[in-house]
Amino acid sequence: MAGEAQDDCLFCKIVAGDVPATVVRETETTVAFRDINPQAPTHVLVIPKAHYPDAASLAAAEPAIAADVLREAGEVAAQEKAESHRIVFNTGTGAGQTVFHTHAHVLGGRGLQWPPG
Ligand code: AMP
Ligand code: ZN
């Protein structure tokens, strides 16, 4: 069924507590944890607890949870005092997506160039 945990999904395992993560925030519908390979002083991933492969499929199926992810991304930036920050959803392998469970990267704590590579 849509949104159900997938046995082969790393981020579903983090939601379940089967893979450890440094959790910085949690709500009924979301978890935020530090990226294992940080690209900036603040690099936190915000994920829905429900499994959807990318941001658009989450928003189509569960718009309220998509809004929760965005709100939590803003809360993480505030918590980290990263007033200037970037919220990124890589979508598709060509854009660098490697984990196919929706996640917002929250990057901050240094200057960020535009356009990204
Ligand atoms: P993406 O490449 O956009 O799919 O982002 C996946 C992110 O997950 C990468 O930035 C990885 O560094 C990060 N990542 C992979 N495994 C873990 C893990 N076990 N805990 C935290 N972050 C992870
Ligand atoms: Zn998943």
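All values derive from a computational prediction rather than experimental measurement. Sequence positions, counted from 1, serve as the residue numbers for this chain. In each ligand, atom 1 is the first atom listed, and ligand 1 is the first ligand listed.
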Inset, instruction - Considering only non-hydrogen protein atoms, determine which one is nearest to atom 16 (N) of ligand 1 and report residue, atom name and distance to 0.1 Å. - result: Leu10 CD2, 3.3 Å

Inset, instruction - Output yes when the distance from some N or O of ligand 1 to some N or O of Gly96 is under 3.5 Å, and no in every other case. - result: yes

Inset, instruction - Report the protein N/O/S neighbours of the Zn ion (ligand 2) that fall below 2.8 Å; do not count waters. - result: Cys9 SG, Cys12 SG, His51 ND1, His101 ND1

Legend entry - Heteroatom distance test (Asn90, ligand 1): nitrogen or oxygen, under 3.5 angstrom: yes

Inset, instruction - Flag the pair His103 / His101 as yes when their ring centroid distance falls below 6.0 Å, and as no otherwise. - result: no

Inset, instruction - Give every residue pair that meets the salt bridge (charged side-chain N to carboxylate O under 4.0 Å, His left out) criterion with at least one member in residues 1-14, sequence neighbours excluded. - result: none

Inset, instruction - Would you check, one step at a time, whether the test side-chain contact (heavy atoms from CB on, under 4.5 Å) holds for Glu26 with Lys49? - result: CA-CA 10 Å; Glu26 182 168 5; Lys49 290 182 175 175; 2.9 Å; yes

Legend entry - Heavy-atom nearest neighbour of atom 13 (C) of ligand 1 within options Val88, Asp35, Leu107, Thr93: Asp35

Inset, instruction - Would you mind listing which atoms of ligand 1 come within a distance below 4.0 Å of any non-hydrogen atom of Asn37? - result: 12 (O)

Legend entry - 4.5 Å side-chain heavy-atom contact, Val76 and Arg25: yes

Legend entry - Under 4.0 Å to a heavy atom of Phe11 - the qualifying atoms of ligand 1, by number: 8 (O)

Legend entry - Rounded distance [0.5 Å steps], OG in Ser57 versus CD in Glu62: 10.5 Å

Legend entry - Atoms of ligand 1, numbered as shown, that sit under 4.0 Å from any heavy atom of Arg34: 21 (C)

Inset, instruction - For His85 and Ala82, indicate whether the former's side chain and the latter's backbone hold a donor-acceptor pair under 3.5 Å. - result: yes

Legend entry - Counterpart residues, salt bridge (charged side-chain N to carboxylate O under 4.0 Å, His left out), relative to Glu80 (two or more places apart): Arg34

Inset, instruction - Considering the heavy atoms of His103, write down every atom of ligand 1 situated less than 4.0 Å from one of them. - result: 1 (P), 3 (O), 4 (O), 5 (O), 6 (C)

Legend entry - Any N/O pair Thr98/ligand 1 closer than 3.5 Å: yes

Inset, instruction - Measure from the side-chain N and O atoms of Glu83 to the backbone N and O of Ala77, and report whether any donor-acceptor pair falls under 3.5 Å. - result: no

Inset, instruction - Please examine the side chains of Asp35 and Val44, heavy atoms only from C-beta on, and report whether any two atoms are closer than 4.5 Å. - result: no

Inset, instruction - Would you check whether Ile36 has a nitrogen or oxygen atom less than 3.5 angstrom from a nitrogen or oxygen atom of ligand 1? - result: yes

Legend entry - Check: Thr29/Asp68 side-chain N/O donor and acceptor closer than 3.5 Å: yes

Inset, instruction - Give yes or no for whether the N/O distance cutoff of 3.5 Å, strictly under, is met between Val99 and ligand 1. - result: yes

Inset, instruction - Could you work out the complete set of other residues in the hydrophobic cluster of Val99, with links drawn between I, L, V, M, F, W and Y side chains under 4.5 Å apart? - result: Leu10, Phe11, Ile14, Val15, Val19, Val23, Val31, Phe33, Leu45, Ile47

